[in-house]
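As the structure is a computational prediction, the values presented were derived from the model and not from experiment. The basis for the numbers below is simple: all heavy atoms, side chains too, and nothing from hydrogens, waters or symmetry mates.
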Amino acid sequence: MDAITFDGSCTPNPGGCMGLGWVVTLQNNSFSILGNDRLEKQTSNNALFAEYLALKKGMLEYVKADGQGPLTVMGDSQTVIYQMRGIYPIMDDEIWHIHRDITNIIREYELDIHFRWVPRMQNKQADRLSKTKHKVRIEYPNDREFLIDVRNSPAIGKLRKKIAVMNATPFPTTAMYKRLHVSSKDVLSDKDLFELREMAGKRATNMVIETFPGKRDKNKYYQAQALRWMLRGLAVDLAIKKVKFDIRNKKNGNQNNSTKKPEAVKTKNKGSQSQKKARNLCRGAKYYLNRQTFAF
């Protein structure tokens, strides 16, 4: 099932600054859509209102991502969950209005939805987002920036099609990032970082420097890779995510190899011993068969 977790905070409560956090997980995607928001201090602010706002924003994010249900909504606020289920009454006018907005979203999109209370320990991600001061940015196809149209890029054949599909996908899956690779060298493969910066421009250059800071060779390599993907027609945000995915994938691969090495050596030794025994047995069997042959 699709899932939404949400959380809200108000510091101090009431009348403080409200923090909102939500996590949307679609069944057909391999990662979650994270979102958060902060509202300045007002006398009417309180923790319950923040919880409801986080839920509403999570619901809006879900339908924007073409979520169609069935959907489970989970939160650690028993009051919100039980009010949405109709168990607790709603006494506050502002809460009633936002409750009505959420109900209208459910009816408009005909969502098969279930509200479930979870303890705070199971709601850590949304809780952390609600207390994060910087804004988590979510990129949709219509919001994306491009350095070059993929139709005019050096990418050819299947690579061009893969890039076009990713650019049109709101939340590309892990498999899509994994399949995106250059099968043979193109005109950008041999370009050094200085040339790539000249081609991409200052804005893209600054973005990759901020994302992969440092003057070490590996940092420069990451910057160059991100710029190459941008110049092949991949959206700016997806190009950066692609490089991050490759880094993470490489680290996981190295960790797996390091853990398997001792076992591999052990297996190799065992294999060599068993092969040795097999050879000795074969020698004996061969000699016996030959002797049988000679006997006849």
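- Listed by first and then second residue, the side-chain hydrogen bond (donor to acceptor under 3.5 Å, both in side chains) pairs that reach into residues 196-208 are E145-R203, R197-Q223, sequence neighbours excluded.
- Panel note: side chain N252, backbone R248; a donor-acceptor pair is recorded below 3.5 Å.
- Here the closest non-hydrogen pair linking Q68 and Y62 is N-OH, 3.3 Å.
- When all heavy atoms of M176 and M166 are compared, the closest pair comes out as CE-CG, 3.6 Å.
- With sequence neighbours excluded, the residues forming a side chain to side chain contact (heavy atoms under 4.5 Å, CB included) with V136 are L34, N36, L129, listed by chain and number.
- Checked by atom type and distance alone, the side chain of D7 never pairs as donor or acceptor with a backbone atom of G21 at under 3.5 Å.
- In this structure, L60 is a member of the same hydrophobic cluster as I4, with clusters built from ILVMFWY side-chain heavy atoms closer than 4.5 Å.
- Using modelled atom types, one side-chain atom of N46 and one backbone atom of F49 make a donor-acceptor pair closer than 3.5 Å.
- When all heavy atoms of R160 and S153 are compared, the pair lying nearest together is NH2-O, 3.0 Å.
- Remark: R232 engages D186 in a salt bridge, criterion side-chain N to carboxylate O under 4.0 Å.
- Checking side-chain atoms of K242 against main-chain N and O of L180 turns up a donor-acceptor pair under 3.5 Å.
- The backbone N or O of A235 lies less than 3.5 Å from a partner atom in the side chain of N167, making a donor-acceptor pair.
- Evaluation of the side-chain hydrogen bond (donor to acceptor under 3.5 Å, both in side chains) test over residues 84-96, restricted to residues two or more places apart or in two chains, returns none.
- Note on residues 222-253: pairs passing ring-ring contact (aromatic ring centres under 6.0 Å, His included), not counting sequence neighbours, are Y177-F245, F212-Y222.
- Ion pairing between D246 and K250 fails under the 4.0 Å rule for side-chain N and carboxylate O.
- For D192, the side chain to side chain contact (heavy atoms under 4.5 Å, CB included) test picks out F194, E195, with sequence neighbours left out.
- Checking side-chain atoms of R120 against main-chain N and O of D76 turns up no donor-acceptor pair under 3.5 Å.
- Checked by atom type and distance alone, the side chain of Q83 pairs as donor or acceptor with a backbone atom of P89 at under 3.5 Å.
- Of all the heavy atoms in L231 and P154, the pair that sits closest is O-CD, 3.4 Å.
- What you find for S130 and R38 is that their closest heavy atoms are O-NH1, 3.8 Å.
- Scanning all heavy atoms of the two residues, the minimum distance from P172 to T169 falls at CD-O, 3.6 Å.
- Screening residues 97-119 for salt bridge (charged side-chain N to carboxylate O under 4.0 Å, His left out), with sequence neighbours left out, gives K56-D101.
- Inspection of the Q225 and R228 side chains reveals an N or O donor paired with an N or O acceptor under 3.5 Å.
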